Amino acid sequence: MTTATAATTAPRTNSPRPQKHRPYKPETTTQPRQNPPTFLSDPYPTLARMRQSAPVSVLHSDGGLRLWIIPRYADVRAALFDRRLAQDVRRAQALADSQVEGVNLGTDITHMLSSDPPDHTRLRRVVQAAFSRKRVEAMRPMVERITLELLDGLDAAAAHHTTRTTTATVDLIRDFAFPLPILVVCELLGFPPEDRDLYRKWSTVIVTQEGDHAAFQRAVQEMGSYVLAIADRRIRRNDRPADLLTELLAARERGELTDDEIVGMVALLLIGGHETTVNLLGTSCLALLRDPGQAAWLRADLTRMPGAVEEFLRYDSPICMATTRFTTEPVDVGGVEIPQDEFVLLSLGAANRDPARFKDPDRLILDRQDAGHLAFGGGIHRCLGALLGKLETEIALTALLTRFPAMTLACHERDLRWRNTMMLRGLEALPLTLRR
């Protein structure tokens with residue numbers, strides 16, 4: 001048996017706090033910027049080399065933790081269903097502590113993605129009905145309403161900042177892609193929409209926290225206090241609106257959830273419920289701006305959007321690496337044995353660009369026939385909100401292309417900033433010039 005080794009480092013960036021409807025102003029420097037591609041801006045060449053060189057590669061995290069990367073489609077798909085790859089975060093933390101010092105795997109939050117059966121089964125059962133096909137489809141009018149309200153805001157901002165000599169630019173992430181899914185999650189949970197910048201701040205810290213455990217703990221504690229304060233206020237007032245938080249509190253009364261698990265569930269919904277859609281909306285728009293032919297094909301018949309969303313998910317998966325797993329016994333991957341008690345990352349981004357599974361995988365083909373991407377994972381940990389994320393993206397992109405069919409990128413592509421995390425694939429900002 002053989003093992004191949006590859007190393008990848010991701011430079012750190014700062015995450016801006018989103019604000020409401022300000023004209024986008026590109027950064028200015030005294031010297032021309034030179035931005036060669038990095039793993040964050042374009043991970044696919046590195047992932048392709050991993051895929052071609054061996055069925056498994058090894059790298060080390062910034063904290064020194066050894067990580068085994070699985071990049072090939074068939075192997076990733078099999079691993080997603082393999083119960084020998086566990087995700088219980090407390091067991092994972094104990095294992096990490098035995099190997100290196102100072103690595104934080106997020107034991108402060110207990111949720112479905114950090115649990116194995118039977119806890120995972122119990123936690124997922126509490127909320128899975130809220131994300132059934134019927135319940136998600138019933139959210140369509142609400143998602144459409146929020147989308148149109150946000151587009152009206154973009155229209156107003158564009159009209160206000162446009163003059164005879166200039167056209168308006170907006171940051172699509174800040175002004176549209178972020179508020180849409182977070183407002184949907186707020187309605188789903190019954191949370192105050194005016195606090196959405198808080199949710200984004202906590203989310204940014206939690207998903208990019210490696211190396212700063214203190215900041216991670218502060219974000220988790222602030223979020224936990226916030227969630228329990230809302231819950232306590234409802235109980236004191238006997239206020240039980242028909243939303244998901246009410247269902248979670250009812251589950252606590254039945255003894256099915258603890259306070260920590262309610263906080264973890266809300267954190268997962270607030271973070272996972274918007275991160276995927278934010279990233280997908282940004283990368284989908286960028287993909288269309290890069291490929292005018294595919295954009296014209298889609299604009300010619302926007303009823304094609306549901307199929308196009310599946311291709312956007314495959315082409316630039318919003319989750320590049322699935323959540324960390326660890327082996328409970330040796331696991332063979334394509335003739336390479338990963339020993340017991342090793343950490344494993346499944347590269348969804350690499351799998352979805354595997355030429356052994358997809359024809360011309362590095363091309364955006366919106367009428368692609370070879371379905372079967374792994375953007376939402378698989379097995380018992382498959383993304384619970386997959387249907388809602390696709391609905392939001394379908395509605396948002398359809399409305400955006402209808403309102404602004406001639407939008408253009410308002411900066412050079414090399415100046416775009418990407419999220420500072422290997423796990424997620426998303427833009428910090430997407431400056432657009434709005435044209436009808």
Side-chain angles (χ1 to χ4, degrees), residues 18 20-21 130-158 170-189 193 196 199-200 243-244 269-270 272-289 294-295 297-319 364 366-367 373 375-376 383-407 426-427 430 432 434 436:
K20 189 176 181 180
H21 299 317
F131 296 94
S132 68
R133 188 172 298 276
K134 181 178 180 181
R135 292 270 294 265
V136 168
E137 187 57 35
M139 298 180 203
R140 182 179 291 272
M142 178 257 287
V143 177
E144 290 174 338
R145 169 178 56 79
I146 292 173
T147 298
L148 293 178
E149 289 172 355
L150 291 171
L151 288 179
D152 288 344
L154 290 183
D155 248 341
V170 300
D171 176 1
L172 190 78
I173 304 299
R174 181 193 65 206
D175 297 333
F176 185 67
F178 162 66
L180 170 59
I182 201 67
L183 289 172
V184 171
V185 173
C186 285
E187 293 220 12
L188 185 64
L189 285 167
R196 64 183 189 243
Y199 311 146
R200 182 64 163 175
D243 56 39
L244 190 51
L269 294 171
L270 281 175
H274 85 269
E275 284 285 1
T276 299
T277 305
V278 172
N279 296 337
L280 181 59
L281 285 173
T283 55
S284 300
C285 287
L286 180 59
L288 291 174
L289 293 169
Q294 289 292 289
W297 177 87
L298 183 57
R299 284 197 304 270
D301 184 358
L302 289 173
T303 63
R304 298 164 170 166
M305 187 62 75
V309 169
E310 299 293 345
E311 173 65 351
F312 291 134
L313 283 161
R314 183 206 68 81
Y315 179 73
D316 216 354
S317 302
I319 301 174
L364 181 73
L366 295 181
D367 60 345
H373 66 75
F376 289 116
C383 178
L384 186 65
L387 291 175
L388 179 57
K390 289 194 285 189
L391 178 74
E392 291 169 335
T393 305
E394 172 194 333
I395 291 171
L397 290 179
T398 299
L400 185 66
L401 293 177
T402 300
R403 185 79 65 102
F404 304 112
M407 60 185 179
L427 289 156
L430 183 61
L432 297 181
L434 300 181
R436 293 185 180 276

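Everything quoted here is computed from the prediction, not taken from an experiment.
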CA sep, side-chain torsions, deciding dist, call: Leu427, Leu172, side-chain contact (heavy atoms from CB on, under 4.5 Å): CA-CA 10 Å; Leu427 289 156; Leu172 190 78; over 6 Å; no
For side-chain contact (heavy atoms from CB on, under 4.5 Å), just list the numbers for Arg145 and Glu187, CA-CA rounded to whole Å, side-chain angles, deciding distance to a tenth of an Å, and then say yes or no. CA-CA 12 Å; Arg145 169 178 56 79; Glu187 293 220 12; 2.6 Å; yes
Please lay out, stage by stage, how Leu387 and Phe131 fare under the test side-chain contact (heavy atoms from CB on, under 4.5 Å). CA-CA 7 Å; Leu387 291 175; Phe131 296 94; over 6 Å; no
With side-chain contact (heavy atoms from CB on, under 4.5 Å) as the test, would you mind laying out the steps for Thr276 and Phe376 before giving the verdict? CA-CA 9 Å; Thr276 299; Phe376 289 116; 4.0 Å; yes
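Lys390 has its side chain out of reach of Pro306: every pair of non-hydrogen atoms, C-beta onward, lies at least 4.5 Å apart. For the pair Val309/Leu313, a side-chain contact is recorded, criterion being any heavy-atom separation below 4.5 Å from C-beta on. Side-chain contact between Leu288 and Leu366: present, with at least one pair of heavy atoms (C-beta onward) separated by less than 4.5 Å. Using a 4.5 Å heavy-atom cutoff, the side chains of Thr283 and Pro318 are not in contact.
A distance of 12.5 Å separates CZ of Arg304 from OG1 of Thr398, quoted to the nearest 0.5 Å. Rounding to the nearest 0.5 angstrom, the gap separating the CG atom in Leu281 from the CD atom in Glu392 is 8.0 Å. Rounding to the nearest 0.5 Å gives a distance of 9.5 Å between CZ of Phe312 and OG1 of Thr393. The structure places CZ of Phe178 at 11.0 Å from CD1 of Ile173, a figure rounded to the nearest 0.5 Å. Atom CG in Leu432 sits 6.0 Å away from atom CE in Met407 (nearest 0.5 Å). Remark: Cys186 SG to Leu269 CG distance equals 11.5 Å, nearest 0.5 Å.
Contact detail for Thr277 and Gly389: the closest heavy-atom pair is OG1-CA, 3.6 Å. Of all the heavy atoms in Ala130 and Leu244, the pair that sits closest is CB-CD1, 3.9 Å. The two residues Leu364 and Tyr315 have their closest heavy-atom pair at N-CE1, 3.6 Å. Pro181 approaches Val278 most closely through the heavy-atom pair CG-CG2, 3.7 Å. Residues Leu151 and Ala399 come closest through the heavy atom pair CD1-CB, 3.5 Å. Residues Leu183 and Pro193 share a closest heavy-atom pair of CD2-CB, 3.4 Å.
Ionic pairing of Arg403 and Asp155 is present here: one or more N-O contacts between side-chain nitrogen and carboxylate oxygen are shorter than 4.0 angstrom. At a threshold of 4.0 Å, the pair Arg200-Glu275 counts as salt-bridged, since one of the basic side-chain nitrogens sits closer than that to a carboxylate oxygen. Salt-bridge formation is detected for the pair Glu394/Arg140: a Lys NZ or Arg NE/NH1/NH2 atom is positioned less than 4.0 Å from an Asp or Glu carboxylate oxygen.
Checking side-chain atoms of Glu311 against main-chain N and O of Asp367 turns up no donor-acceptor pair under 3.5 Å. A donor-acceptor pair under 3.5 Å is absent between the side-chain atoms of Asp243 and the main chain of Leu188, judged by distance alone. Arg299 contributes no side-chain N or O that, together with a main-chain N or O of Thr402, makes up a donor-acceptor pair within less than 3.5 Å.
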